[in-house]
Structures are given as C-alpha cells and as structure tokens.
Number of protein chains: 2
Amino acid sequence: MGGLSIGELARKTGVNIETIRYFEKIGMLGAPERTAGGHRVFDDGHLRTLKFIKRARELGFAPKEVRTLLDLGGPAKACCDEVRKIAVHHLEEVRGKIDDLVRLERHLAATVEQCSGGHVPDCAVIDMLETARP
Amino acid sequence: MGGLSIGELARKTGVNIETIRYFEKIGMLGAPERTAGGHRVFDDGHLRTLKFIKRARELGFAPKEVRTLLDLGGPAKACCDEVRKIAVHHLEEVRGKIDDLVRLERHLAATVEQCSGGHVPDCAVIDMLETARP
DNA sequence: CCTTGCACCTATATCTACTACAGGAAGTAC
DNA sequence: GTACTTCCTGTAGTAGATATAGGTGCAAGG
C-alpha cells in the first residue's frame, strides 16, 4: 500500500512538512519516490524512520546521535553493542543534567525564600546573580 | 582605575571577545567609551554587568529573562517584586525540567538494563525508540 | 623615529536545527 | 473546466552566538 503524500506523513508523525523536506535535504531521511508531476511519495519505511527520529529527539538524543542510531539500527543492523554505548552515554548526560538542575533548584528556592517580595532596595535574587560562584 | 580593554574584560569575565561585542550590538551591554583610535574602554559597571549576564546564563535564565533582570536591577531599581516573579517562574521551569529528565532517566536506565550488549538482532534500545509514546 | 607584533577594529559569513515565505505547478472535487 | 487545496523549489529568516577577512591602533625594543 504505502504511498503517503508529504502532508499525510506530516499528519501521521506530527512532524512539520518543512522539517520533513529539511530531513531529506540533510540526508536524515531517504529521498522518496516521486509522482510524474514531482510530488513526493513516501512509503512505510519513511514513516517508521521519521517516527524514530521524532521519538529520539523527544527523548533528548542529539541530532548527531540520532543519525548514528539510524545508521546502526538501519539495514546494517550491527546493533546492540554500539547502540547501547550511545544510550548509556546519553543516560550519563541526563544524570549530570539532573544533578545540575537539582543544585540550581535548591539555590533558587533558598534565594526566593529570603525575598519578601516588597520593594526592598537590596534584593536577594539580584544579590545571588551578582555574586560570583566560588 | 577603570579602563579595561575588551581583551582584559574577556579575561576577567571568561566571556569571549566576539560575544562581548555581540552583547553590545544587541544592547545587552552598554556601549563603552572609545580611545582616539576607536578601541573600546570598559569601566567597572561594564565588568559588573557582564559578570551578571554570565552568571544568570549559567544559572539557566533565558536571554530575555536576563535582559529583564538587567532592566529591573539596573538604575531604576524597581526591584524585588518583579525580580522575584521571574526567579519563581524560572524555578518552576527548572522543577518541570527535573521531573521530565527523571522520567527519561528511568526509562533509559531500564532499557539499557535489558540490553545484554551482545549482537542480539532485537535491540531493546532500538525497540524503545521505535515504540510510540502512549 | 621606526619597525615589529599583538590586540583591536568593522563587516560579513558561518553554525544548528529548523521555520517561513514567495511564486508557481500538480492534484482533486464538482 | 474551473476552483480549491496541496505540493513544488528556492531563498531568507530565527536565536545566540562564533569565526573569518582584511584592515588599523598601540606599546615596546632597537
């Protein structure tokens, strides 16, 4: 069956039409067939790949990582070992980011706490921002 | 005292020279005096402001928020009330981001756990990415 | 005083990851 | 066959910088 127009593909994946053409241009998504008149005709493979890309981006994988994952999970199917490395690396980054944000959260919460909200000339938040990190 | 060249300012703040000029161009940092030959001469106010900008960016405040904070904490010193609002808003965003990342971390960790790291044809990580979110 | 060499100047281009036109042609519905 | 929608290409724009090209300023040594 297959045979999706770019608009249908966009609706099915939630990916912007312009973005689909962009992905094709940068080689992230394979070039589809064309009608006699030049309109793109995508198949189920394109649908799968585009969903994969979208999901990976939502999960915070960087565009370069997505590309590598596509190569690894693609026809070659070298799989698991390399894929796992990328996922673990990503996991470590996520954990680091969480730590950073938790520290920031504490700092901000403590500072806002000190702040009366009135029109005090000396402001704890401004102070915090003006104080260089140790 | 005063009288910093752009290079000195860059060294003292850790902000790239090009970025300092960029901040001046977009009005984030006031235009400094110039020597007869056209070289910028920054004063302690610029130093303070630039340190403030850098710190706020490090703490994850968006460029627009930084600009607002600068306006509020600047000569007008309307202060605290508005500043507090921005900080609280930012705090809420940070908390939301932490929640998202923690969920992602669990998902990734569980998936990687399932993965032997061998050359299994079906890969848990690829599976995860191919499975649409509910 | 003059040269050397670094720091600095402006203006423009590049980057990432897209998004948004403009102007025209293809496909579809009646 | 005409109206309407969707699609086409190509170019330009976005934020938030960063990098480059080609040209001066300035300070120190000889």
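Letters A, B, ... mirror the listed sequences (proteins, then strands); counts begin at 1. Quick note: numbers below take in every heavy atom, side chains included, and nothing from hydrogens, waters or symmetry partners.
- Environment of CD in B:E8: crowded, with over 12 heavy atoms of neighbouring residues, nucleotides or ligands closer than 6.0 Å.
- Side-chain nitrogen and oxygen atoms of B:R40 include at least one within less than 4.0 Å of the OP1 or OP2 phosphate oxygen of C:dC9.
- Between the NZ atom of B:K54 and the P atom of D:dG16 there is a distance of 18 Å, given to the nearest Å.
- Whole-Å rounding puts the B:I6 CD1 to C:dC9 C1' distance at 9 Å.
- Rounded to a whole Å, the CZ atom of B:F61 is 18 Å from the C1' atom of D:dG16.
- Distance B:F23 CZ to D:dT18 P: 8 Å, rounded to the nearest Å.
- Judged purely by atom type and a 3.5 angstrom limit, A:R48 has no side-chain atom pairing as donor or acceptor with the backbone of A:F52.
- Every pair passing side-chain hydrogen bond (donor to acceptor under 3.5 Å, both in side chains) that includes a residue from residues 15-27 of chain A is listed here, sequence neighbours excluded: A:E24-A:R40.
- One atom, CD1 of A:I26, and another, P of C:dT19, lie 12 Å apart when rounded to the nearest Å.
- The 12-atom threshold is not exceeded at CZ of B:R106, counting heavy atoms of other residues, nucleotides or ligands nearer than 6.0 Å.
- A:R57 comes within contact range of the sugar-phosphate backbone alone, with a heavy-atom separation under 4.0 Å but no base atom that close.
- Taking side-chain N and O atoms only, B:R34 has a distance below 4.0 Å to OP1 or OP2 of C:dT10.
- The distance between atom CD1 of A:I20 and atom C1' of D:dT9, rounded to the nearest whole Å, is 16 Å.
- By the 4.0 Å N-to-carboxylate-O rule, A:K54 lies close enough to A:E58 to be salt-bridged with it.
- Taking atom OH of A:Y22 as the reference point, atom C1' of D:dT9 lies 18 Å away to the nearest angstrom.
- Phosphate contact (OP1/OP2 of C:dA17, side-chain N/O of A:T19, threshold under 4.0 Å): absent.
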Heavy-atom protein contacts under 4.0 Å, nucleotides 20-30 of chain C, coded B base, S sugar-phosphate only, - none: BB----SS---
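- With distances taken from any side-chain atom of B:S5 to the nucleotides C:dC8, D:dC7, C:dA17, the minimum falls on C:dC8.
- The closest donor-acceptor contact from the side chain of B:D44 to the backbone of B:L47 lies at 3.5 Å or more, if one exists at all.
- Separating the NZ atom of B:K25 from the C1' atom of D:dA15 is a distance of 12 Å, rounded to the nearest angstrom.
- Contact of the A:V88 side chain with the A:E92 side chain is registered, since non-hydrogen atoms from C-beta on lie closer than 4.5 Å.
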